[in-house]
Amino acid sequence: MASNRILVLGGTGQVGFELVRAFSLLGDVRAPSRIELDLTSELAVSNFLDQFQPSLILNAAAYTAVDKAESEPVLADRLNHLLPAQLSNWSAKHSAKLVHYSSDYVYPGNGRHAWIETDLTAPCNEYGRTKLKGDQAVESSGCMYLIFRTSWVYSARGHNFMKTMLALGKERTSLKVVNDQVGAPTPARLIALVTLQACLKSVTSGTYHLAPRGEVSWHGFAQAIFKFAAVAGINLAITPDAVEPIPSSDYPTPAQRPQNSRLNLTQLESALNCELPSWQSQLQLTIEEYLL
Ligand SMILES: NC(=O)c1ccc[n+]([C@@H]2O[C@H](COP(=O)([O-])OP(=O)(O)OC[C@H]3O[C@@H](n4cnc5c(N)ncnc54)[C@H](OP(=O)(O)O)[C@@H]3O)[C@@H](O)[C@H]2O)c1
């Protein structure tokens with residue numbers, strides 16, 4: 001790969017942190033923090049790009065507060081739509097390659113089939129609408145790009161469902177978790193390693209689904225977290241059987257959530273010529289990392 005100036009945006013986030021680790025051997029990796037580069041400023045972003053002249057941009061920055069996006073649509077749009085639009089236009093002009101991350105939230109979230117990349121999009125909330133506009137801007141920019149649509153991101157660090165469950169499970173003897181939303185929990189580390197592989201293999205420009213194999217509800221995921229955590233020696237007050245399944249209607253949130261987050265992985269697996277690992281094996285690895 002000819003990329004030696006690599007710009008990672010969102011390097012303090014779950015995926016960005018792992019991207020910095022994964023790509024650091026490949027070249028000069030720069031990951032400006034929020035203080036060093038305000039991504040809400042088009043001018044600041046433009047100046048940074050012109051100065052650093054990256055040959056590869058990994059954009060893991062995003063407005064990810066799904067519920068807050070309902071009341072902050074302008075800020076969500078700047079980060080999730082206008083920023084990737086700007087990055088892709090710059091990349092097209094400077095022959096740089098852009099890797100951008102998106103979400104299963106671009107799909108309507110109904111039914112039971114695993115979405116394929118060409119399925120009709122119809123986001124059910126503001127976050128999803130801004131992410132879709134970002135994808136469309138990148139796709140129409142004419143730059144070399146990879147968009148990875150992923151789901152239910154978690155990691156041994158940062159704020160996420162696994163860490164929330166582990167914290168609650170150490171204190172509480174029972175919990176209620178929704179069981180009518182189904183998807184695949186995706187570790188940030190897997191996203192970064194697959195991104196590296198895709199860049200090294202020069203995978204064709206396009207939009208790909210990136211998640212582990214298999215599916216589970218949030219309720220099933222919570223039970224698995226407690227099961228694997230107990231096996232790994234983490235002291236818990238709760239047992240998997242004490243997690244009570246509830247419908248989403250019992251847990252109202254400002255933003256509607258898709259019930260079907262299943263992603264078909266065929267396109268990425270064919271491009272990489274390999275099988276993605278199961279969500280269970282990835283959970284085990286992430287809990288081991290959490291213990292380090
Ligand atoms: N999290 C999920 O469940 C999920 C699911 C599907 C897809 N995705 C997508 O995957 C990608 C990575 O998600 P993630 O979970 O790694 O996100 P994250 O942990 O929330 O990180 C977001 C990053 O964006 C940065 N950022 C936000 N606003 C900024 C601003 N105004 N100026 C500078 N930096 C700013 C944050 O910086 P600070 O640390 O300073 O806030 C942070 O580094 C995103 O495109 C997201 O839409 C995520």
Exam field: side chain [X] to backbone [Y], donor-acceptor pair closer than 3.5 Å:
X      : Y      : result
Ser205 : Met144 : no
Asp67  : Ala255 : yes
Gln223 : Pro240 : yes
Thr118 : Ile116 : no
Thr130 : His81  : no
His209 : Leu268 : no
Asp180 : Gln259 : no

Using side chain to side chain contact (heavy atoms under 4.5 Å, CB included), reason through Ile225 and Tyr154 one step at a time and then give a plain yes or no.
CA-CA 12 Å; Ile225 290 168; Tyr154 71 106; over 6 Å; no
Could you label the plane-to-plane angle of the Tyr107 and Trp115 rings as parallel, tilted or perpendicular, counting under 30° as parallel and over 60° as perpendicular?
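Taking Trp115 first and then Tyr107, their aromatic rings lie parallel (interplane angle under 30°).
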According to the interplanar angle, ranging from 0 to 90°, do the rings of Trp279 and Phe221 count as parallel (below 30°), tilted (30 to 60°) or perpendicular (above 60°)?
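Aromatic pair Trp279/Phe221 classed perpendicular.
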Would you say [X] and [Y] make side-chain contact, with heavy atoms under 4.5 Å?
X      : Y      : answer
Gln14  : Asn160 : yes
Phe17  : Ser155 : no
Lys163 : Tyr290 : yes

Out of curiosity, does Leu166 fall in the hydrophobic cluster containing Leu168 (side-chain heavy atoms, cut-off under 4.5 Å, transitive links)?
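Yes, it is one cluster - the side chains of Leu168 and Leu166 are joined through contacts under 4.5 Å.
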Pair Gln284-Val231, side chain to side chain contact (heavy atoms under 4.5 Å, CB included): steps then yes or no:
CA-CA 10 Å; Gln284 203 171 347; Val231 170; over 6 Å; no
Salt bridge or not for Arg213 and Glu275, using N-O below 4.0 Å?
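Here Arg213 pairs with Glu275 in a salt bridge, since their nearest N and O are under 4.0 Å apart.
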May I ask you to say whether Arg21 pairs ionically with Glu289, meaning some side-chain N is under 4.0 Å from a carboxylate O?
yes
Begin with the C-alpha distance, continue with both residues' side-chain angles, and end with the deciding distance and a verdict on side chain to side chain contact (heavy atoms under 4.5 Å, CB included) for His100 and Ser88.
CA-CA 9 Å; His100 176 64; Ser88 57; over 6 Å; no
Say whether Thr266 and Asn264, considering side chains only, have a donor N or O and an acceptor N or O under 3.5 Å apart.
yes
Quick one: do the Gln181 and Ser248 side chains pair a donor with an acceptor below 3.5 Å?
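Distance-only check passes for Gln181 and Ser248.
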If a pair satisfies side chain to side chain donor-acceptor pair (under 3.5 Å) and one of its residues is in residues 35-44, list it, with sequence neighbours excluded.
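Qualifying pairs, neighbours excluded: Ser33-Glu36, Asp38-Thr40.
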Qualifying residue, where the test is side-chain hydrogen bond (donor to acceptor under 3.5 Å, both in side chains) with Thr207 and the options are Glu139, Glu117, Arg149
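Looking at Glu139, Glu117, Arg149, the match for Thr207 under the side-chain hydrogen bond (donor to acceptor under 3.5 Å, both in side chains) is Glu139.
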With sequence neighbours left out, the residues meeting side chain to side chain donor-acceptor pair (under 3.5 Å) with Ser141 are none
Between Ile287 and Met162, is a side chain to side chain contact (heavy atoms under 4.5 Å, CB included) present by the stated rule, with each step listed?
CA-CA 9 Å; Ile287 285 184; Met162 183 194 83; 4.0 Å; yes
Should Lys131 and Asp104 be marked as a salt bridge (Lys or Arg N to Asp or Glu O under 4.0 Å) after you check the CA-CA gap, both sets of side-chain angles, and the distance that decides it?
CA-CA 10 Å; Lys131 292 299 292 183; Asp104 67 277; over 6 Å; no
Residues sharing Ile57's hydrophobic cluster, by side-chain heavy-atom contacts under 4.5 Å among ILVMFWY, directly or via others?
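Besides Ile57, the hydrophobic cluster comprises Leu7, Leu9, Leu37, Leu39, Val45, Phe48, Leu49, Phe52, Tyr63, Leu75, Leu79, Leu83, Leu87, Trp90, Leu98, Val138, Tyr145, Ile147, listed by chain and residue number.
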